[in-house]
Amino acid sequence: LERMLPYNLLMEVRQGMLQEKSKKNLSIAALLLVAILWGLGYSAVQNALDGGWSSLGIMVAKGVVGGGICLLLSFKEKWWREPKLIKGALISGLFTFLGYYAQTEGQLRTSIPNCAFFTAINVILVPFIAAIFFKSKLDKKFIIAAFIALLGIGLLNYDGSTIKLGIGDLLNFAGALCFAVQIAYI
């Protein structure tokens with residue numbers, strides 16, 4: 001095949017393959033970085049809670065840092081001239097705040113693995129929220145995945161005789177529900 005293709009075309013094909021491979025590797029590295037930061041976030045919140053920070057104090061710190069970065073990156077866009085965008089951002093921000101607040105309060109009352117597990121449930125809740133509020137179609141795969149997740153919750157909280165859900169677990173589930181609403185809304 002190489003002998004049949006002109007040299008320039010062959011180089012373009014090879015370069016394109018390298019670019020695709022580079023994109024794939026970059027995507028994998030980015031996912032790995034996000035997973036590491038996501039996991040470290042629970043430890044950082046726990047350290048802050050152990051250090052005497054309140055849930056609200058942690059939320060304010062996250063909001064000031066995150067909001068400041070977003071303002072710096074989006075200042076040229078003149079987003080403040082679009083009331084519809086501001087309304088959407090406020091609604092989305094409200095559910096994000098409620099989710100993080102419930103999650104942080106829940107983490108005070110349960111283990112970090114339980115907190116992470118219950119928070120991750122938001123991924124499964126998004127299609128259900130979208131189906132309820134935005135009339136999107138619900139696939140059988142989501143129902144099966146939700147059932148498996150519920151089994152996981154049961155196994156995680158089974159102490160040998162009963163399933164014990166503490167207030168921390170319920171708060172984390174409420175946080176996951178808020179995150180799911182925020183994602184479905186966006």
Side-chain angles (χ1 to χ4, degrees), residues 27-70 88-134 136 138-160 162-186:
S27 299
I28 291 170
L31 281 173
L32 182 60
L33 179 63
V34 167
I36 290 168
L37 292 175
W38 183 71
L40 289 175
Y42 291 102
S43 297
V45 167
Q46 191 63 49
N47 287 339
L49 292 170
D50 292 344
W53 282 66
S54 69
S55 296
L56 196 55
I58 294 169
M59 298 301 303
V60 168
K62 283 182 177 182
V64 167
V65 171
I69 291 170
C70 286
L90 289 173
I91 291 170
S92 177
L94 173 67
F95 281 104
T96 302
F97 170 80
L98 292 172
Y100 277 121
Y101 188 74
Q103 178 187 33
T104 305
E105 283 293 317
Q107 190 169 327
L108 275 169
R109 295 164 177 83
T110 192
S111 66
I112 291 175
N114 276 23
C115 181
F117 182 80
F118 278 97
T119 302
I121 294 295
N122 82 73
V123 174
I124 293 166
L125 294 174
V126 171
F128 291 97
I129 298 294
I132 292 168
F133 292 108
F134 305 109
S136 50
L138 192 59
D139 194 71
K140 288 179 187 177
K141 293 177 200 175
F142 296 122
I143 296 169
I144 293 168
F147 179 73
I148 292 170
L150 287 174
L151 284 176
I153 290 170
L155 290 173
L156 191 64
N157 292 287
Y158 184 68
D159 69 358
T162 61
I163 293 176
K164 291 186 178 180
L165 288 175
I167 187 71
D169 299 323
L170 296 174
L171 283 167
N172 280 302
F173 184 77
L177 191 60
C178 289
F179 291 136
V181 169
Q182 183 258 346
I183 292 167
Y185 178 77
I186 289 176

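Quick caveat: nothing in here was measured; it's all calculated off a predicted structure. Quick note: numbers below take in every heavy atom, side chains included, and nothing from hydrogens, waters or symmetry partners.
For residues 118-127, every residue pair satisfying the side chain to side chain donor-acceptor pair (under 3.5 Å) rule, not counting sequence neighbours, is listed here: Gln103-Thr119.
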Exercise answer: donor-acceptor pairs, residues 173-186 side-chain atoms, under 3.5 Å, sequence neighbours excluded:
unit_1 : atom_1 : unit_2 : atom_2 : d
Gln182 : NE2    : Ser92  : OG     : 3.1

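Heavy-atom minimum distance, Ala131 versus Leu138: CB-CB, 4.3 Å. Residues Ala102 and Leu171 come closest through the heavy atom pair CB-O, 3.4 Å. Summarising the geometry of Met59 relative to Tyr100, their closest heavy-atom pair is CE-CB, 3.1 Å, with the distance given to 0.1 Å. Nearest heavy-atom pair across Asp169 and Thr110 is OD1-OG1, 3.0 Å. Residue Cys115 comes nearest to Tyr42 through the heavy atom pair SG-CE2, 3.6 Å, listed as atom of the first residue, atom of the second, then distance. Here the closest heavy-atom approach between residue Ser55 and residue Glu105 is recorded as OG-OE2, 2.5 Å.
Note that CD1 of Ile112 and CD of Gln46 are 4.5 Å apart. Values are rounded to the nearest 0.5 Å. Lys62 NZ to Phe97 CZ: the interatomic distance, rounded to the nearest 0.5 Å, is 11.0 Å. Once rounded to the nearest 0.5 Å, the distance linking CG of Leu98 with OH of Tyr101 reads 10.5 Å. Distance check: Leu94 CG to Leu90 CG gives 8.5 Å after rounding to the nearest 0.5 Å. Between the CG atom of Leu40 and the CG atom of Leu33 there is a distance of 9.5 Å, given to the nearest 0.5 Å. Rounding to the nearest 0.5 angstrom, the gap separating the CD1 atom in Ile132 from the CD1 atom in Ile129 is 5.0 Å.
At least one side-chain heavy atom of Ile69 sits less than 4.5 Å from a side-chain heavy atom of Val65. Asn172 has its side chain out of reach of Asn114: every pair of non-hydrogen atoms, C-beta onward, lies at least 4.5 Å apart.
Under a cut-off of 6.0 angstrom, the local environment of CZ in Phe117 is crowded, with over 12 non-hydrogen atoms contributed by other residues, nucleotides or ligands.
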Check the pair Leu170 / Phe118 against side-chain contact (heavy atoms from CB on, under 4.5 Å), numbers first and verdict last.
CA-CA 9 Å; Leu170 296 174; Phe118 278 97; over 6 Å; no

